[in-house]
Amino acid sequence: MDKSKIREVVEETVRRTAITDIHTHTFDPAMGGLLLWGIDELLTYHYLVAEVFRARPDMAYSDFMSMAKPAQADIIWDELFVKRSPVSEACRGVVTVLHSLGLDTGSRDLRAYRAYFSGQNVRDYVERVFETAGIRKVYMTNDPMDPAEGPLWEKGFDRDSRFLGVLRLDSALINWPEGAARLQRMGYRVDSSLSGSTIKELRRYLNEWCDKIDARYMAISMPPEFRYPDVESSLTTLMIKAVVPVARERNIPVAMMIGVRKLVNPELTLAGDSVGCADVATVEALARDFGDVRFMVTMLARENMHALCVAARKFKNMLPFGCWWFLNNPSLVREITAMRLELLGLSCIPQHSDSRVLDQLIYKWTHSRQIIGEVLGGKYADLARSGWVASRQEIERDVNLLFDGRSIE
Ligand code: RAT
Ligand code: ZN
């Protein structure tokens, strides 16, 4: 191939390769109201809820939080799209979605957008979004302890094979013994002290629910203080005595998302979490001591990203993934992607979308594909300058390695 074309070919390949999105908060359409979509959901995304208070410091948190969703959406639209230009990443995302759907972003007409969405049927809209975003499959985040979600699984439904199950562990494990009380209510014989039958019963919970949702991996988000080894910590004990053995037995990965400081501003609820620097030595020690278990790892602090790449060079059972939450911004995705390619080659999962609203699949992937394509294209151009010109087939093969999700299967 012509050397000067190589960037273009890589960018184009990244644009059209079907993606397996390994971490989202979207749901199988059969799960009804849990699947969020449409303009009011897009506008009240918690990333934008945090931003609206930057524009309206006079507004009381509780006043906004107690409003109905359309009223919140009206304020966010007015403050962040009409009175000022939507330059933040989360704001631009809404614009990308509207534009990709063929709506007139020049009209600035929220009522017209609402009318468009109210004319959609959810099943057809899922097809449209998957098609527009170029998505093959998405992994959900499934919490059996969620009062809206648990009963749906208990009852059972016809699954859409494109929405894969992931057992989320936070409500069972974080802030133990809060999870113990929930487990007891579900009929598991656990107690707060981690003694007696607790570990055995927690494993039973994990196994039964992995079966029920056909979990492809188990996932947990953790505070920056998470340490291993740490004999004092309930979370660490539960991880190594229950989660790790179940993952090993089932041959599924454990995803650890580390570095969230929950509710630094409780009044902001879901939008109130912050970031802290985590301990990369902890994930190295876990990967070393449990070498037969696969760990998918992402961290929330930019400061952790370099050390995490180095850690993955040392442990073949560690897979860095995604640019999570506050890192999912073009400048940081660019930096992190380049660093990963330089240190790990193609052995990482560059991005997940974290979409909470179905339509976000469109913007999160349009934006990420753009940056990842540019960075990756630069790497093939560098290679060509060094004397190695990749063929189209080789480029397609490589892009698939990054995006088809096979490394976690
Ligand atoms: O990015 C987000 O939407 C966060 O609220 C979290 O859901 C985070 O991604 C998580 O999975 O904990
Ligand atoms: Zn998430």
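For ligands, and for the atoms within them, numbers begin at 1 and follow the listed sequence.
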So which protein heavy atom does atom 8 (C) of ligand 1 come closest to, and at what separation?
Trp324 NE1, 3.3 Å
Report yes if some N/O of Arg168 lies less than 3.5 Å from some N/O of ligand 1; otherwise report no.
yes
I'd like to know if the side chain of Thr198 and the backbone of Asp191 have a donor-acceptor N/O pair within less than 3.5 Å.
yes
Among protein heavy atoms, which lies nearest atom 7 (O) of ligand 1, and at what distance?
Arg356 NH2, 2.3 Å
Is the side chain of Arg294 donor-acceptor paired with the backbone N or O of Leu319 at a distance under 3.5 Å, no angle test?
no
If only side-chain N and O atoms count, and only distance matters, is there a donor-acceptor pair under 3.5 Å linking Gln72 with Thr44?
no
Centroid-centroid under 6.0 Å between Phe315 and Phe295 rings:
no
Is the closest heavy-atom distance from Asp354 to ligand 1 below 4.0 Å?
yes
For the pair Phe53 and Phe64, name the ring-plane relationship: parallel under 30°, tilted 30 to 60°, perpendicular over 60°.
perpendicular
Checking only N/O/S atoms, does His352 have one that is under 2.8 Å from the Zn ion (ligand 2)?
no
Kindly indicate, with the supporting measurements, whether the criterion side-chain hydrogen bond (donor to acceptor under 3.5 Å, both in side chains) is fulfilled by Asp359 and Tyr125.
CA-CA 9 Å; Asp359 331 39; Tyr125 192 60; 2.6 Å; yes
Lys/Arg-Asp/Glu bridge criterion (N-O < 4.0 Å) met for Glu41, Lys69:
yes
Which atoms from ligand 1 have a heavy atom of Tyr47 less than 4.0 Å away?
1 (O), 2 (C), 3 (O)
Name of the Asp354 N, O or S atom nearest the Zn ion (ligand 2)?
OD1
Are any of the N or O atoms of His23 closer than 3.5 Å to those of ligand 1?
yes
In the protein, which heavy atom is nearest to atom 5 (O) of ligand 1, and how far is it?
His46 NE2, 2.9 Å
If I take the Zn ion (ligand 2) as the centre, what angle separates the NE2 atom of His25 from the NE2 atom of His23? Nearest 10 degrees is fine.
110°
